[in-house]
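The block underneath contains the structure these notes are about, expressed in structure tokens.
When reading the values below, keep in mind they use all heavy atoms of this one structure, side chains included, and skip hydrogens, waters and symmetry mates.
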Amino acid sequence: MWRQRFSNTGSLIFFILKRDKIRIPIWLISITLITILTATSFAGLYANDQERQAMAETMENPAMTAMVGKGYGLENYTEGPMMAHQMLLFTAIVVAIMSIMLVTRHTRNDEEEGRVELIRSLPVGRLSTVTATLVVMIATNALLTILIAVSLFSLGIESIDLSGSFLYGAALGATGIFFTGITLLFAQLSSNSRGTIGLSFTVLAFSYLIRAVGDVSNEALSWISPLGWILGTEVYVNNYWWPVFLTLGSSIFIAMTALYLHAMRDLGSGFIPTKPGKRHASRFLNSPFGLAFRLQRTGIIAWAIGMFILGVSYGSVLGDLESFFASNEMMVEMLPPVEGYTLTEQFMTMLMAIISMLCTVPPIMFLLKLKGEEKRGQLEPILSKSVSRLKLLGSYMLLSLIFGFIMLTLAILGLWVAADSVMDDPISLQSFLKAGLVYLPALWIMTGIGVATIGIKPKLTGLTWLVLGYSFFVVYLGSMLKLPEWMAKLSPYGHIPQIPVEEISYLTLAILVFIAIVLTLVGFIGFRNRDIAG
């Protein structure tokens, strides 16, 4: 009986690999290359031990601890501990995103598009599709483990040894497998791909936030988070393997639960019931904008709460920064005071850049929802009514712009509320808003890229995420890796003035707004003229 439920799983494994013959290699190569480039940069970044120790002392402040994790090996901050401390968490998040997106694609997304029903009409077991997805993702993350380990060790850096490199790769692979299980579970609980992705990203976001709060204030709290487990490996210092086994053991339990639930539920349904809609639609719902908002209402609310909590988590550590900077001679040398501004205000510029990029994620997701609706053939009934293409695309773009502003504002408010309660000399709300909202033109350019790719060719929408990922890399690591300035200028975020340290260049902001408008017009023209997928 149970054996029949897994029949032809092998054929489906090859089918998934064939479908993702480009997608999976791109993920693996990109993650591996970023890891290699970063490790190589760390190797030549600091001329002597004194410079490395100066960076180690920088990493001891609460804000950096919240961002990258609790420091270990700081007393001998060589390339290995430096690489693990500053990059393991960031890379683990990328691996988790990879797993969430690929699992959703082959489970809930295929179910929504009727692919699973078509496959089930063949002599295929009830659990074969989910099992095939699970096997492929385990193999993908295992291959990533090997690629990362071999690549790091092959660099020949003294403090990056073989055992530590395999643990570094295993920590990333275990994270990917854990979020594979999490996404498989939510694919059974939710009745659509939107809910599956939303719930999975919610777990990832709360894992990061819980770890951040725990690393700063209560170490026991960090062990609630799977990302805290991964950082507990202390790669290249103590090389603890048990957190990896803990992560894998939890992953097996979650995956088995997902398989059990999948065997019980009906195709197309979810264990979280969908609420019946109203008998008559409101006037707001009868508009394209109202429909777009209603379809994404739950995700919008969840992201709004998450962005506010993100701001609070960063703001809660600002109270300790001034005393840390003042008592650290090396930090004073690395961050010389600017007349009229506190060291905390100078540090706030980097914090605002990171927050603004994180706040760009939800509006892009809201906009690109239109691509998913088109792919499932749900735009034709709308366009058959008295709704123009431009109005439809404009509704999704307006939704993205409005809630992009709201997400950024909520994050800034959370930052100010927490900072105001912990700082002896608090920064005004106006200063926080000015430093954060100046990033809106960059966010609008990202929206413009999304609109342009939807209008020209929906398959190119991945370019939006590529630009955002590149921006995060050059802004987040640019100063630490001493990357050339022109690399930052390739990102829209690299042209934003760092308020309050720099003066606002209205000409630069006007040019960014103009570029956003041009990209938007290109998208609207393309969407009006191209064929709609049916």
Side-chain angles (χ1 to χ4, degrees), residues 1-17 19-20 95-142 173-204 206-207 224-227 229 243-275 298:
M1 178 68 179
W2 273 93
R3 193 172 184 179
Q4 293 177 351
R5 295 188 178 188
F6 297 95
S7 60
N8 279 316
T9 299
S11 300
L12 290 177
I13 290 173
F14 286 109
F15 176 63
I16 292 173
L17 290 174
R19 286 181 63 195
D20 283 351
V95 174
I97 293 172
M98 173 192 75
S99 297
I100 291 170
M101 301 304 293
L102 291 177
V103 171
T104 304
R105 167 179 163 83
H106 293 294
T107 52
R108 261 300 161 191
N109 196 49
D110 279 356
E111 208 167 313
E112 283 185 297
E113 295 181 4
R115 230 179 249 116
V116 174
E117 186 176 5
L118 182 63
I119 292 173
R120 287 266 193 95
S121 66
L122 301 170
V124 171
R126 185 180 183 88
L127 298 177
S128 296
T129 52
V130 177
T131 306
T133 302
L134 180 61
V135 171
V136 169
M137 291 310 303
I138 290 174
T140 299
N141 284 286
T175 304
I177 293 172
F178 180 86
F179 281 94
T180 293
I182 287 290
T183 311
L184 279 177
L185 178 62
F186 286 133
Q188 316 314 315
L189 299 180
S190 177
S191 57
N192 52 63
S193 58
R194 184 174 62 253
T196 301
I197 291 177
L199 291 170
S200 300
F201 273 105
T202 299
V203 171
L204 178 59
F206 273 97
S207 298
I224 301 176
S225 167
L227 296 178
W229 303 345
V244 172
F245 298 137
L246 174 63
T247 306
L248 292 175
S250 302
S251 306
I252 293 171
F253 175 77
I254 295 170
M256 292 301 103
T257 303
L259 287 172
Y260 177 75
L261 294 177
H262 186 77
M264 294 171 57
R265 72 174 178 86
D266 293 330
L267 191 66
S269 67
F271 283 92
I272 299 176
T274 303
K275 294 181 180 180
T298 304

> Where do Ser7 and Pro123 come nearest, in terms of heavy atoms and distance?
Replying inline: OG-O, 3.9 Å

>> One pair to check against side-chain contact (heavy atoms from CB on, under 4.5 Å): Thr129 and Leu12. What are the steps and the verdict?
In response: CA-CA 7 Å; Thr129 52; Leu12 290 177; 3.8 Å; yes

>> Is there a side-chain contact between Leu184 and Leu134 in this structure, where contact means two heavy atoms from C-beta onward sitting under 4.5 Å apart?
In response: yes

> Of all heavy-atom pairs between Arg108 and Ser191, which one has the smallest distance, and what is that distance?
Replying inline: NH1-O, 3.4 Å

> Say you draw a straight line from OG of Ser99 to CG of Asn141; how long is it, rounded to the nearest 0.5 Å?
Replying inline: 4.0 Å

>> Looking at every heavy atom in both Leu259 and Leu127, which two are closest together, and how far apart are they?
In response: O-CD2, 3.5 Å

> Of the non-hydrogen atoms in Trp229 and Pro243, which two are nearest, and what is the gap between them?
Replying inline: O-CB, 3.0 Å

> Run the side-chain contact (heavy atoms from CB on, under 4.5 Å) check on Leu102 and Asp20 step by step: do they pass?
Replying inline: CA-CA 9 Å; Leu102 291 177; Asp20 283 351; 3.8 Å; yes

>> I'd like to know if the side chain of Thr107 and the backbone of Val103 have a donor-acceptor N/O pair within less than 3.5 Å.
In response: yes

>> Would the distance check show the side chain of Thr104 and the main-chain N or O of Met101 forming a donor-acceptor pair, the cut-off being under 3.5 Å?
In response: no

> Nearest heavy-atom pair of Ser251 and Ala174: which atoms, and what distance?
Replying inline: OG-O, 4.3 Å

>> If the condition is salt bridge (charged side-chain N to carboxylate O under 4.0 Å, His left out), which residues does Arg19 pass it with, not counting sequence neighbours?
In response: Asp110

>> Restricting to salt bridge (charged side-chain N to carboxylate O under 4.0 Å, His left out), what partner residues turn up for Arg265, sequence neighbours left out?
In response: Glu111

> Between Gln188 and Thr257, is a side-chain contact (heavy atoms from CB on, under 4.5 Å) present by the stated rule, with each step listed?
Replying inline: CA-CA 10 Å; Gln188 316 314 315; Thr257 303; over 6 Å; no

> When you look at Ile197 and Phe186, which way does the side-chain contact (heavy atoms from CB on, under 4.5 Å) test go after all the steps?
Replying inline: CA-CA 8 Å; Ile197 291 177; Phe186 286 133; over 6 Å; no

>> Could you report the tightest heavy-atom contact between Ala96 and Leu204, atom names first, then the distance?
In response: CB-CD1, 3.9 Å

When the side chains of residues 176-183 are checked against the rest of the protein, which donor-acceptor pairs come out under 3.5 Å, sequence neighbours left out?
residue	atom	partner	partner atom	Å
Thr180	OG1	Gly176	O	2.8
Thr183	OG1	Phe179	O	2.6

> Out of Ile252, Leu246, Leu248, which one pairs with Ser250 under the side-chain contact (heavy atoms from CB on, under 4.5 Å) rule?
Replying inline: Leu246

> Looking at OG1 of Thr131 and CG of Asn8, how far apart are the two atoms once the value is rounded to the nearest 0.5 Å?
Replying inline: 12.5 Å

